[in-house]
Amino acid sequence: MVGLAMMFVLGILLAACGGNGDGGDNASGGEGQTYNWKFVTEEVDGQVQYEYAEEFAKRMNEKSDGAVNIEVYEFGGLGSETDQVEQLQSGTVEMAVMSPGFTGNMVKEGQIFALHFLFPDSVEKTQQILNDSEALNTDLREKYEEHSISPLSFWTEGAMQWTSSKEITEPADFENFKMRTQTSPLILESYKAYGAEPTPMSWSELYTALDRGTVEGQENPIFFIGDASFHEVQDYMTLSNHNNYVAMTTVNTDWYEGLNDEMKTMVDETTQEMQEWVFEEQKKQNEEYLQTIKEDTENPTEIVELTDEQRQMFKGKAMPVRDYYRNEVSTVDGQILDKLQEEIEAAGE
Ligand code: 6CS
């Protein structure tokens, strides 16, 4: 965790580097103008978010004949996930890949992604819903924009699985279990529903916390479990598919609204193109890391596949959390959840 003083210095340095465009007014888009933007991610080189931002930067540079230069920052360099949210809001970075799991104390509605067993089991179908959903791309986007964050797209990094120091096959196994979570309160609520003791923390502290037993388990897509080596300090991986890891491509709202038409269209088009690219990237990485984990004989991990019956037990415990979201979390009486559920039903299983 970078200290407050350090963050202050970083903020000044970033602001001094300029934001909208070196060549002057962001909206003018005159001949020869160049643009230097910063794009921060919550992951490191090789991981899905970072590779996404690199590819995004490359495409923008090519399309603009070199006029747009996006510097991509991997996780850690600019502070914690929450620090990064603040940097996007203040405009010290223009773009960020952001997980709703770190914005729940601010954008209450964004915690919709913390609900287990909400999206279809198929990751492909889930991505289709994330692409097309009006509840998310219009209604939820407006909620984020009240806080200067514009989510331009939502995309999955894969189905979430549990890793643990003991076997987990039914909700009773979570009784008093110390589970690491991201910071959004509804994620904690989802684990309390199983009887667990959730502990929010940054993933930068997670390997050590699992190793020392400060926490006994965590949830993430398989590529992340493998790349961050969490399986080395865990004995079990339960293929629970209880949720999807959803990330957002976000921009600072004022900065984005101030872009000239040509730049705005280029950003929008690139964001749309990247949906298919990132789907393939997460799929490839999740498949490869499943093999890596299975073949890591030095750090054996028992892989547990839940039966339909076992998944139903977890689902039964998870359903009341939706009422909690509607009644205690949502500021619009669950309207976004209702609309999203209709969209999910219309998409079919
Ligand atoms: O568990 C986490 O907090 C991290 N997981 C992923 C898949 N990406 C970044 C995030 O911070």
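We count ligands from 1, going down the list as the structure has it; atoms in each ligand are counted the same way. Computed over heavy atoms, backbone and side chain alike; hydrogens, waters and symmetry mates excluded. Nothing here was measured: the structure is a model prediction, and the numbers come from that model.
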query: Between Arg326 and Asp333, does at least one N-O distance fall below 4.0 Å, as a salt bridge requires?
result: no
message: Heavy atoms only: which of Gln47, Gln218, Arg180, Met160 lies closest to atom 3 (O) of ligand 1?
response: Arg180
For atom 11 (O) of ligand 1, closest protein heavy-atom neighbour: Trp203 CD1, 3.1 Å
message: Under a 3.5 Å cutoff, is there a donor and acceptor pairing between the side chains of Thr249 and Tyr52?
response: yes
Proximal candidate to atom 6 (C) of ligand 1 [heavy atom criterion; set Glu43, Glu157, Gln49, Glu42]: Glu43
message: Only heavy atoms of Phe102, strictly under 4.0 Å: list the atoms of ligand 1 that pass.
response: 3 (O), 11 (O)
Atom 10 (C) of ligand 1: the protein heavy-atom neighbour that sits closest, reported with distance to 0.1 Å: Tyr245 OH, 3.1 Å
- prompt: Is Glu280 salt-bridged to Lys283, cutoff N-O under 4.0 Å?
  reply: no
- request: Output yes when Glu219 and Arg180 qualify as a salt bridge under the 4.0 Å nitrogen-oxygen rule, no when they do not.
  value: no
statement: When distances are taken from atom 2 (C) of ligand 1, the protein heavy atom at minimum range is Gln182 NE2, 3.3 Å
- prompt: When you check the gap from the basic side-chain N to the acidic O, do Glu54 and Lys58 get nearer than 4.0 Å?
  reply: no
- prompt: Would you call Glu62 and Arg59 a salt bridge, using N to O less than 4.0 angstrom?
  reply: no
Atom 5 (N) of ligand 1: the protein heavy-atom neighbour that sits closest, reported with distance to 0.1 Å: Asn220 OD1, 3.0 Å
